[in-house]
Amino acid sequence: MKFYRIDDLPPYVFATVDQLKRQLRREGRDVIDLGFGNPDIPSPEIAVEKLREAALNPRNHRYSVSRGIDQLRLAAAEHYERSFGVSLDPETQIASTIGAKEGLAHLMWVLVDRGETVVVPTPAYPIHRVAPRLAGATVVTSRADGGIEALAETVKASRPKVVIVSFPHNPTTAIATAEDMQRLVDLAREQEFLLVHDFAYADVAFDGHKPPSILAADGAQDCAVELYSLTKSFSMAGWRVGFVLGRADVVGALAKLKSYLDYGTFQPIQIAATVTLREAPEYPVEVCEIYRSRRDALCSGLARAGWHVDPPRGTMFVWAPIPVQFKDLGSLEFALRLARDADVAVSPGIGFGDGGDGHVRFALVENEQRIGQATRAIKKLLDQ
Ligand SMILES: Cc1ncc(COP(=O)(O)O)c(C=O)c1O
């Protein structure tokens, strides 16, 4: 049978490493999984308490609203003002989404159609290139390591309707300054495209870097929307709470589409998210500190193994160039080798698209002791 849209999607290369991991575990091996970026840090206690309390009230068992309850959108507006210095109208400029991923995917449905182009840096988080394709658009990639200059050239050559960017960046961990954001917004206005900024790592940055919201740039609210999520910042991955914020007609269009598709996140979750944003605004700082110490443990452990990687200034990942002696294997074979011979699962860079094959990505989702165990095993492999 022909399955539309998904038949043309490339195979998910991460599944290959995952399969091997599961097979090794079945054989009794203790594989340390630094592959999938699935946060292991508990969600704030207040979120769990409020969820429990709200779930006990039958009124909250009914359909909710797909664009988010009023108080949740208001809490998101307060959070943006406090954290990023951005003022937004919660009525017209904010809609809640079922995580950033759902928001981004459905956003493409209202933004692009066949014959239109979306520019996406490569490598990137897979949904960035898949979502425009699912919506029928043509995807043109720009080398992520070429930075904003490369992006500007690609834009000028391909005249896209939409450009998707994301800083701090998964997987490359690249960060952007407020000046970089302003350059992107200026480019969007000059070249007349809509800028979509995935801000999933808004609060995960180190060594004094404070990631700027693109919506803080002059003129951004006329040409940009941003996706913000509680997944990483508040370690609430499974709750599925995110927002699309910024240019009002775009936010409104997504809210209208979603009103046909869903009834929003379960209302007790929306209530718990509202209270969390208001009463645990410092939680992202604690989360970030945990990732920082894991980052240090991983980078110093890898350095002891002779594998030198610059410590990232943002995200919960380390993007590591494949050591020279293994370079020819490519990232998938090297990742399989790490799993088989060192009991460490990582994500092969090729899974993030062209330009990713020279790297593997470590996700900082195990504690420092386990990270130490992983780097000692890697050292043994590299010393052979
Ligand atoms: C760049 C990026 N965007 C979005 C997501 C998913 O966010 P959410 O859980 O809010 O859908 C991730 C998760 O890994 C990500 O790396």
Side-chain angles (χ1 to χ4, degrees), residues 12 14 18 33-41 43 47 68 72 76 79 94-108 118 120-132 134 141 144 162-176 195-205 211 213-214 225-245 254 258 261-262 264-266 269-270 272-273 276-277 283-284 287-288 291 295 312-319 346-347 349 351-353 356 359 361-365:
Y12 209 57
F14 304 122
D18 206 55
D33 190 357
L34 304 176
F36 183 19
N38 194 354
D40 63 313
I41 302 166
S43 305
L72 177 58
H79 184 70
I94 304 179
S96 87
T97 61
I98 307 171
K101 196 170 172 178
E102 180 273 334
L104 192 118
H106 282 137
L107 197 52
M108 293 304 132
V118 178
V120 183
T122 186
Y125 183 54
I127 196 68
H128 290 183
R129 32 169 219 286
V130 169
L134 290 174
T141 55
V162 173
V163 174
I164 302 175
V165 291
S166 183
F167 298 103
H169 187 251
N170 173 18
T172 67
T173 74
I175 56 172
L195 200 47
V196 175
H197 181 229
D198 181 346
F199 205 22
Y201 300 95
D203 302 295
V204 190
S213 161
I214 207 156
V225 288
E226 185 158 85
L227 291 138
Y228 180 77
S229 169
L230 270 58
T231 287
K232 306 290 156 56
S233 300
F234 291 84
S235 212
M236 290 172 68
W239 301 59
R240 315 310 299 131
V241 183
F243 302 94
V244 60
L245 315 96
L254 178 65
K258 280 171 61 59
L261 299 179
D262 67 64
T265 300
F266 184 41
I269 292 179
Q270 296 193 46
T276 302
L277 284 168
Y283 201 72
V287 168
C288 192
Y291 287 131
R295 173 202 70 166
R313 308 262 322 264
T315 76
M316 51 183 281
F317 305 110
V318 169
W319 182 239
V346 298
S347 296
F352 301 96
H359 291 72
R361 192 199 71 177
F362 291 86
L364 301 168
V365 292

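For ligands, and for the atoms within them, numbers begin at 1 and follow the listed sequence. Starting from 1, each residue takes its place in the sequence as its number. The shown structure was predicted, so the numbers you read here are calculated from the model rather than taken from an experiment.
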Task: Check: His79 ring centroid to Tyr228 ring centroid under 6.0 Å - done: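 When the ring centroids of His79 and Tyr228 are compared, they turn out to be within the sub-6.0 Å range.
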Open item on the list: Looking only at the aromatic ring of each residue, does the gap between the centers of Tyr201 and Tyr291 stay below 6.0 angstrom?
Closed with: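 So the answer is no for these two rings.
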TODO: Measure the distances from the heavy atoms of Arg240 to every atom of ligand 1 and state whether one is below 4.0 angstrom.
DONE: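 The answer is yes, since Arg240 has a heavy atom less than 4.0 Å from ligand 1.
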Task: Lys232, portion touching ligand 1 at heavy-atom distance under 4.0 Å - done: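 It is the side chain that gets close, since no backbone atom is under 4.0 Å.
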- [ ] Say whether His169 and Thr172, considering side chains only, have a donor N or O and an acceptor N or O under 3.5 Å apart.
- [x]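 Judged by distance alone, the side chains do pair up.
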Open item on the list: Would you say Trp239 and Thr265 are linked by a side-chain donor-acceptor pair, where the criterion is simply a distance under 3.5 Å?
Closed with: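 Distance-only check fails for Thr265 and Trp239.
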- [ ] Report the member of Phe199, Phe36, Tyr201 with the shortest heavy-atom distance to atom 16 (O) of ligand 1.
- [x]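 Shortest heavy-atom distance from atom 16 (O) of ligand 1: Tyr201.
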Task: Proximal candidate to atom 8 (P) of ligand 1 [heavy atom criterion; set Ala237, Pro171, Ala100] - done: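 Among Ala237, Pro171, Ala100, the closest heavy atom to atom 8 (P) of ligand 1 belongs to Ala100.
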Open item on the list: Students should be able to answer this: which protein heavy-atom is nearest to atom 6 (C) of ligand 1, and at what distance?
Closed with: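 Of every protein heavy atom, Tyr125 OH, 3.4 Å lies nearest to atom 6 (C) of ligand 1.
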Atoms of ligand 1 close to [X] [distance to a heavy atom under 4.0 angstrom, numbered from 1]:
{"X": "Asn170", "value": "15 (C), 16 (O)"}
{"X": "Ser229", "value": "8 (P), 10 (O)"}
{"X": "Thr231", "value": "8 (P), 9 (O), 10 (O)"}

Open item on the list: Lys232: which residues meet the salt bridge (charged side-chain N to carboxylate O under 4.0 Å, His left out) condition with it, sequence neighbours left out?
Closed with: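 Residues passing salt bridge (charged side-chain N to carboxylate O under 4.0 Å, His left out) with Lys232: none at all.
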- [ ] Please list, chain by chain and in numerical order, all residues satisfying side chain to side chain donor-acceptor pair (under 3.5 Å) with Arg295, sequence neighbours excluded.
- [x]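 Asp207.
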TODO: Give yes if a backbone or side-chain nitrogen or oxygen of Asp198 is under 3.5 Å from a nitrogen or oxygen of ligand 1, and no if not.
DONE: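 Between Asp198 and ligand 1, an N or O pair is found under 3.5 Å apart.
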Open item on the list: I'd like to check Phe352 versus Phe14 (side-chain heavy atoms, cut-off strictly below 4.5 Å). Are they in contact?
Closed with: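 Touching, per the 4.5 Å side-chain cut-off.
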